[in-house]
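Down below is the structure, laid out as structure tokens.
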Amino acid sequence: MKARKLMALPIVALLTLSFGQQSFAATTPFTDLNHVAAKEKIIALQEKGYVHGMDANRYMPEAVMTAAQGIQLIVNALSLEADPAQTGKPALNVDPGEWYADVLQIAIQNGIELSADFDPNKSWTREEFIHQLMVGMEKKNHLPMIKIAPVEFADSDELTVEYQGAIQRAIVLKIVQLDADRKLHPKEELTRADAAELIYHALEYLQAHPGPAADTPKL
């Protein structure tokens, strides 16, 4: 996987969420975050129960996130719930006995479209996760479909066509940051650190711009 240099953010930008009297110096059970740029964000999300480690002491930030894990993270962070009135069914190739079967059902019932050939064990790319995160946000919180001027970035030609709108909105809403070379790296495999950072900024946006939904997750 290519290393990326993310543009530095002002320290104040990292302190805009409502953590009450909580400090970023708070303890964490994870012992593998010392050299991770998103360390404070991962800790903040872990303390609120939005992300979990691979075991009791390791978050494994550089591990690649699977599609099922990505959906679970989106469902958990956005507090999506099962809707018995919905008739959506998990993708055809999903064993109902798998741990992720209920999570996929909840995602579908909340407007996240999963194709019939959805592979829960497939490594997810950044563009796939960003697209589904935006769909989940917009459906759950009834966010208006804003008219935006497309943002130009260096690797925009690598985007999957059907993801372009959601990703453009994610960039405009500052849920996604381009790197120092104005690249998104849409086809890169999504790491657990990447996913946590995207979730952090998504919840930050929802907290600052609550939609009609009354149960927007708070950080």
Side-chain angles (χ1 to χ4, degrees), residues 2 4 6-7 9 13 50 64-80 83 86 88 90-91 103-120 122-191 194-213 215-217:
K2 300 186 296 294
R4 300 195 309 277
L6 295 179
M7 291 185 289
L9 294 175
Y50 297 141
V64 174
M65 183 161 282
T66 67
Q69 291 169 343
I71 290 292
Q72 181 186 44
L73 179 55
I74 292 170
V75 167
N76 187 32
L78 297 181
S79 300
L80 303 183
D83 182 359
Q86 297 290 329
V103 169
L104 300 186
Q105 175 78 0
I106 291 171
I108 292 171
Q109 291 175 354
N110 283 272
I112 295 177
E113 297 182 358
L114 303 179
S115 63
D117 60 352
F118 176 80
D119 181 358
K122 172 183 176 289
S123 296
W124 240 4
T125 62
R126 282 170 52 80
E127 68 171 1
E128 288 172 312
F129 182 80
I130 294 167
H131 169 75
Q132 298 290 21
L133 174 59
M134 290 300 297
V135 170
M137 284 177 59
E138 291 167 346
K139 295 283 187 179
K140 168 68 184 296
N141 294 275
H142 309 291
L143 300 182
M145 299 298 288
I146 59 175
K147 184 177 182 180
I148 61 173
V151 176
E152 295 184 5
F153 52 97
D155 51 0
S156 60
D157 59 326
E158 297 179 16
L159 284 178
T160 299
V161 174
E162 55 264 38
Y163 300 157
Q164 288 179 346
I167 288 176
Q168 282 286 344
R169 294 192 296 276
I171 295 172
V172 170
L173 299 181
K174 302 188 185 305
I175 293 167
V176 175
Q177 279 85 39
L178 303 175
D179 72 6
D181 297 318
R182 293 195 60 77
K183 289 186 176 182
L184 177 73
H185 305 277
K187 294 295 192 291
E188 272 194 12
E189 292 180 325
L190 180 78
T191 68
D194 280 341
E197 189 159 17
L198 289 163
I199 287 290
Y200 184 98
H201 289 302
L203 296 180
E204 184 180 47
Y205 175 82
L206 291 175
Q207 186 169 306
H209 305 86
D215 53 347
T216 297

What heavy-atom pair brings Met65 and Ala195 nearest, and what distance separates the two atoms?
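Closest heavy-atom pair between Met65 and Ala195: SD-CB, 3.7 Å.
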Q: List the steps, then state whether side-chain contact (heavy atoms from CB on, under 4.5 Å) holds for Asn110 with Lys139.
A: CA-CA 7 Å; Asn110 283 272; Lys139 295 283 187 179; 5.7 Å; no
*asked:* Between Asp194 (side chain only) and Leu190 (backbone N and O only), is there a donor and an acceptor less than 3.5 Å apart?
replied: no
Taking Val151's backbone N and O only, do any of them form a donor-acceptor pair with Gln168's side chain (distance below 3.5 Å, no angle check)?
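Yes; judged by distance alone, with no hydrogens or angles, the pair exists.
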Enter the distance from [X]:[atom1] to [Y]:[atom2] here, rounded to the nearest 0.5 Å.
| X | Y | atom1 | atom2 | answer |
| --- | --- | --- | --- | --- |
| Ile108 | Asp83 | CD1 | CG | 13.0 Å |
| Met137 | Leu203 | CE | CG | 8.0 Å |
| Leu133 | Glu138 | CG | CD | 9.5 Å |
| Leu104 | Phe118 | CG | CZ | 5.0 Å |
| Phe129 | Ile71 | CZ | CD1 | 8.5 Å |

Worksheet item: With sequence neighbours excluded, what pairs up with Ala166 under the side chain to side chain contact (heavy atoms under 4.5 Å, CB included) test?
Response: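 Expected list: His131, Met134, Arg169.
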Residue set satisfying side chain to side chain contact (heavy atoms under 4.5 Å, CB included) with Gln132, at least two apart, ordered chain then number -> Ile74, Ile112, Leu114, Trp124, Val135
- Query: Glu128: what forms a side-chain hydrogen bond (donor to acceptor under 3.5 Å, both in side chains) with it, not counting sequence neighbours?
  - Reply: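 Testing Glu128 for side-chain hydrogen bond (donor to acceptor under 3.5 Å, both in side chains), a comparison that skips the adjacent residues, returns Lys122, Thr125.
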Discussion item. Taking side chain to side chain contact (heavy atoms under 4.5 Å, CB included) as the criterion, tell me which of Asp181, Val176, Leu178, Asp179 meets it with Phe153.
Written reply: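 Only one of Asp181, Val176, Leu178, Asp179 forms a side chain to side chain contact (heavy atoms under 4.5 Å, CB included) with Phe153, namely Leu178.
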Residues passing the salt bridge (Lys or Arg N to Asp or Glu O under 4.0 Å) test with Lys187, sequence neighbours excluded, are Glu127
**Q.** Any side-chain heavy-atom pair of Leu78 and Leu206 under 4.5 Å
**A.** yes
